[in-house]
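Working notes, beginning with the structure itself.
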Amino acid sequence: MGLYLDSRMPWAEYSGIAAETYFVDKSALLKELITAFGKKNRYFCITRPRRFGKSVMAHMVAAFFGQAVDCASLFERLEIAHFPHYADYLNKYHLVYIDFSRMPEQCVSYKDYISRITGSLKQELLEKYAQLGLSDADALWDIFQYIFENTMEKFVFVMDEWDAVFSKSFLTAEDKKEFLNFLRELLKGQSYVGLAYMTGVLPIAKYSSGSELNMFLEYDMATKKKFSEYFGFLDTEVDELYAIYKRETEHPAISREELRRWYDGYCTVEGKRIYNPHSVVCALTDNELSNYWTGSGPYDEIFYYIRHNLDDIRDDLVWMVAGEKIPILLQGYAVTKPELENKNEIYSAMVVYGLLAYENKAVFIPNKELMDKFNALLLNHESLGYVHRLAKQSERMLAATLAMDTDTMIKILKFAHDTETPIFSYNSEIELSAVVNMVYLAARDRYRVEREDKAGEGFVDFIFYPQIRSDDAIILELKVNADPDKAIAQIKEKGYALRLKGKLGELQTYTGRILAVGISYNKKTKEHYCKIEVLS
């Protein structure tokens, strides 16, 4: 057994995952690989954002095909065991497993990086096939071919995080070409390759001109149907995990709806909902909702992508933070420039990295975990101009609302309306809603803010659900060219407070006030009007 040849590591990692409380069986993916084994289209490249299950699936594939460990007891209880040809492929092949994100100690050059891989793998092959008299002076692919010619043995190649090295500062443009050529020579058209399974964040087209690795079939999350259900958790799978959580947790503190609001929002091409798997498992394990996925990356990750085109993206941020979708032309991620400039390139890259979701030719912020990241962006970057200034007013707006200080509320709304952007022309209640969302941005630290929530006999524009039971709740209704009294009357007549009481009543005893807030704008006089009443 070696570092790369017939390693036991994938089995150890996957068997550990399979033994966890919140394990989801995705072994049906193996059926797709079994049917392609040894055929022309036996090269697969799966690209997904970080922490979306790429490594787990790579470990599973390696453990299944590799012969280092007898995995019958592991896979016989999984879905793949029902596949007719299951036993013909289980642990039948020599495995080459390479995690390209692993670096040699004190690695300062591409030569150090690639020499560790080629040198170790050559040595392991020479030891395994000592009877063949192989020479480490030969190219790695020549050694594999010589083994095949003498033994007819095919190898399974599983390569995780294939693009990890491209983020290293030591890598030059020439090094990138050499790395692509290394993968081409090792894999392309080689008879000893029974199956090649590769994962990464960025598709091959990001770095390759196409000819080097064009034997790979690429599958991303946004545009490809195949394999889409195997990365991330489906709604039904989260239902099953939540049932386990309710059964196994002594004092469950998470509702099923909260799990959806925090971590759902991605989707397959077929329209199936996808949850962030890392965050779901962490939340259920810890019995606590938190920013598990976004907290594991750089704080300014979003700003990194938009910083070169703030003028075009600034208004879009207002709409997306308000819950709207922005139409784009998805670029296919074939972006080779060091800096992304136009909106389509930027948003396409953000989809690749999981920072935005993509559905029906539009991008949007998928869930609360990401929304918190965008909120922080607006509050902390002065370069965003009016968007940042409005966000900074949101603490004052919430304080004025709770104090029933309608004069201050009107001044802040006028400040918002007088900004230089045409987004606040108030041609409809949707635009007014976007403004209100911005000036209440800071409220999200203390409230769960829901837009157009079904309440009583109709839909209310905003309900602010307090996180602390003694805080005041807020029901907010918007009107254009109508008196705020009409908004208050609608809140009362439609019984919107019943929804708020019902949701809170399921979880806790509620002791705060319920404030009915009416905000209106007169398009003729260009004036805002506010009214607040206490409902209870």
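Using a 4.5 Å heavy-atom threshold, the side chains of Ile412 and Thr408 count as touching. Under the 4.5 Å side-chain criterion, counting only non-hydrogen atoms from C-beta, Phe23 is not in contact with Leu241. With contacts defined as side-chain heavy-atom distances shorter than 4.5 Å, the pair Tyr197/Leu33 qualifies. When side chains are defined from C-beta on, Leu30 counts as touching Met60, because their heavy atoms get closer than 4.5 Å. When side chains are defined from C-beta on, Ile274 does not count as touching Asp264, because their heavy atoms never get closer than 4.5 Å. In this structure, the side chains of Cys45 and Thr199 stay at 4.5 Å or more apart for every pair of heavy atoms. Contact of the Met198 side chain with the Phe44 side chain is not registered, since no non-hydrogen atoms from C-beta on lie closer than 4.5 Å. For the pair Asn360/Phe364, no side-chain contact is recorded, criterion being any heavy-atom separation below 4.5 Å from C-beta on.
Ring geometry for Tyr242 versus Tyr245: interplanar angle of 30 to 60°, hence tilted. Between Phe303 and His381, the ring planes are parallel. Angles under 30° get that label, and only those over 60° would be called perpendicular.
In terms of modelled atom types and a separation under 3.5 Å, the side chain of Glu533 and the main chain of Leu515 share no donor-acceptor contact. No donor-acceptor pair closer than 3.5 Å links the side chain of Arg389 to the backbone N or O of Leu384. Counting only distance, with no hydrogens or angles, the side chain of Ser394 and the backbone of Val439 share no donor-acceptor pair below 3.5 Å. Asn276 places no side-chain N or O within 3.5 Å of a backbone atom of Tyr263 that could act as its donor or acceptor partner. Checking side-chain atoms of Asn481 against main-chain N and O of Asn522 turns up no donor-acceptor pair under 3.5 Å. One N or O on the side chain of Glu369 and one on the backbone of Tyr292 form a donor-acceptor pair closer than 3.5 Å. For the pair Thr249 (side chain) and Lys246 (backbone), a donor-acceptor distance under 3.5 Å is absent. Side-chain atoms of Asn380 come within 3.5 Å of backbone atoms of Ala376 as a donor-acceptor pair (strictly under, hydrogens ignored). One N or O on the side chain of Trp293 and one on the backbone of Arg50 form a donor-acceptor pair closer than 3.5 Å. Panel note: side chain Asp163, backbone Leu202; a donor-acceptor pair is recorded below 3.5 Å.
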Where do Ile474 and Phe462 land on the side chain to side chain contact (heavy atoms under 4.5 Å, CB included) test, with the steps shown first?
CA-CA 8 Å; Ile474 300 171; Phe462 291 91; over 6 Å; no
Between Met350 and Ile306, does a side chain to side chain contact (heavy atoms under 4.5 Å, CB included) hold up when you go through it step by step?
CA-CA 9 Å; Met350 293 175 77; Ile306 69 173; 4.1 Å; yes
Could you walk me through whether Asp405 and Lys411 satisfy the salt bridge (charged side-chain N to carboxylate O under 4.0 Å, His left out) test, starting with their C-alpha distance in whole Å, then the side-chain angles of each, then the deciding distance to 0.1 Å, before giving a yes or no?
CA-CA 10 Å; Asp405 180 1; Lys411 290 178 182 177; over 6 Å; no
Please evaluate residues Phe75 and Phe64 with respect to the criterion ring-ring contact (aromatic ring centres under 6.0 Å, His included), reporting the C-alpha separation (whole Å), side-chain torsions for both, the decisive distance (0.1 Å), and the verdict.
CA-CA 8 Å; Phe75 285 99; Phe64 178 81; 5.3 Å; yes
Audit row: Leu476, Ile519, side chain to side chain contact (heavy atoms under 4.5 Å, CB included) steps and yes/no
CA-CA 8 Å; Leu476 197 154; Ile519 295 178; 4.1 Å; yes
Apply side chain to side chain donor-acceptor pair (under 3.5 Å) to the pair Tyr440 and Thr401, showing each step before the final yes or no.
CA-CA 10 Å; Tyr440 279 103; Thr401 303; 2.6 Å; yes
Would Ile80 and Asp25 count as a side chain to side chain contact (heavy atoms under 4.5 Å, CB included) here? Give the steps.
CA-CA 9 Å; Ile80 187 60; Asp25 179 4; over 6 Å; no
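Taking the six-membered ring where the residue is Trp, the centroids of Tyr447 and Tyr465 are separated by 6.0 Å or more. In this structure, Tyr353 has its ring center closer than 6.0 angstrom to the ring center of Tyr305. In summary, the aromatic rings of Tyr266 and Tyr275 are positioned with their centroids too far apart to meet the 6.0 Å limit.
Expressed to the nearest 0.5 Å, how far NZ of Lys494 lies from CD1 of Ile475 amounts to 14.0 Å. The CG atom of Asn344 lies 9.5 Å from the OH atom of Tyr347; values are rounded to the nearest 0.5 Å. The distance from the CZ atom of Arg513 to the CD1 atom of Ile532 is 9.0 Å, given to the nearest 0.5 Å. The line from CZ of Arg396 to CE of Met409 is 12.0 Å long, rounded to the nearest 0.5 Å. For the atom pair CG of Asn309 and NZ of Lys343, the computed distance is 8.0 Å after rounding to the nearest 0.5 Å. Taken from OH in Tyr304 to CD1 in Ile346, the straight-line distance is 11.5 Å, to the nearest 0.5 Å.
Using a 4.0 Å cut-off between charged nitrogen and carboxylate oxygen, Arg446 and Asp472 do not count as a salt-bridge pair. By the 4.0 Å N-to-carboxylate-O rule, Asp372 lies too far from Arg444 to be salt-bridged with it. Using a cutoff of 4.0 Å between basic side-chain nitrogens and carboxylate oxygens, Arg448 and Glu258 are not scored as salt-bridged. By the 4.0 Å N-to-carboxylate-O rule, Arg48 lies too far from Asp220 to be salt-bridged with it. The residues Asp485 and Lys531 are annotated as salt-bridged, a charged nitrogen and a carboxylate oxygen being separated by less than 4.0 angstrom. Using a 4.0 Å cut-off between charged nitrogen and carboxylate oxygen, Arg314 and Asp311 count as a salt-bridge pair.
Paired with Glu237 under the rule salt bridge (Lys or Arg N to Asp or Glu O under 4.0 Å), one option of Lys26, Arg273, Lys272 passes, and it is Lys26. Tested against Val321, the residues Leu377, Ile365, Val387 include a single side chain to side chain contact (heavy atoms under 4.5 Å, CB included) partner, Ile365.
Within 6.0 Å of CD on Glu382 lie no more than 12 heavy atoms contributed by other residues, nucleotides or ligands. Atom NZ of Lys325 sits in a crowded spot, with more than 12 heavy atoms from other residues, nucleotides or ligands closer than 6.0 Å.
Taking all atoms of both residues into account, the shortest heavy-atom contact from Asn41 to Ala36 is O-CB, 3.5 Å.
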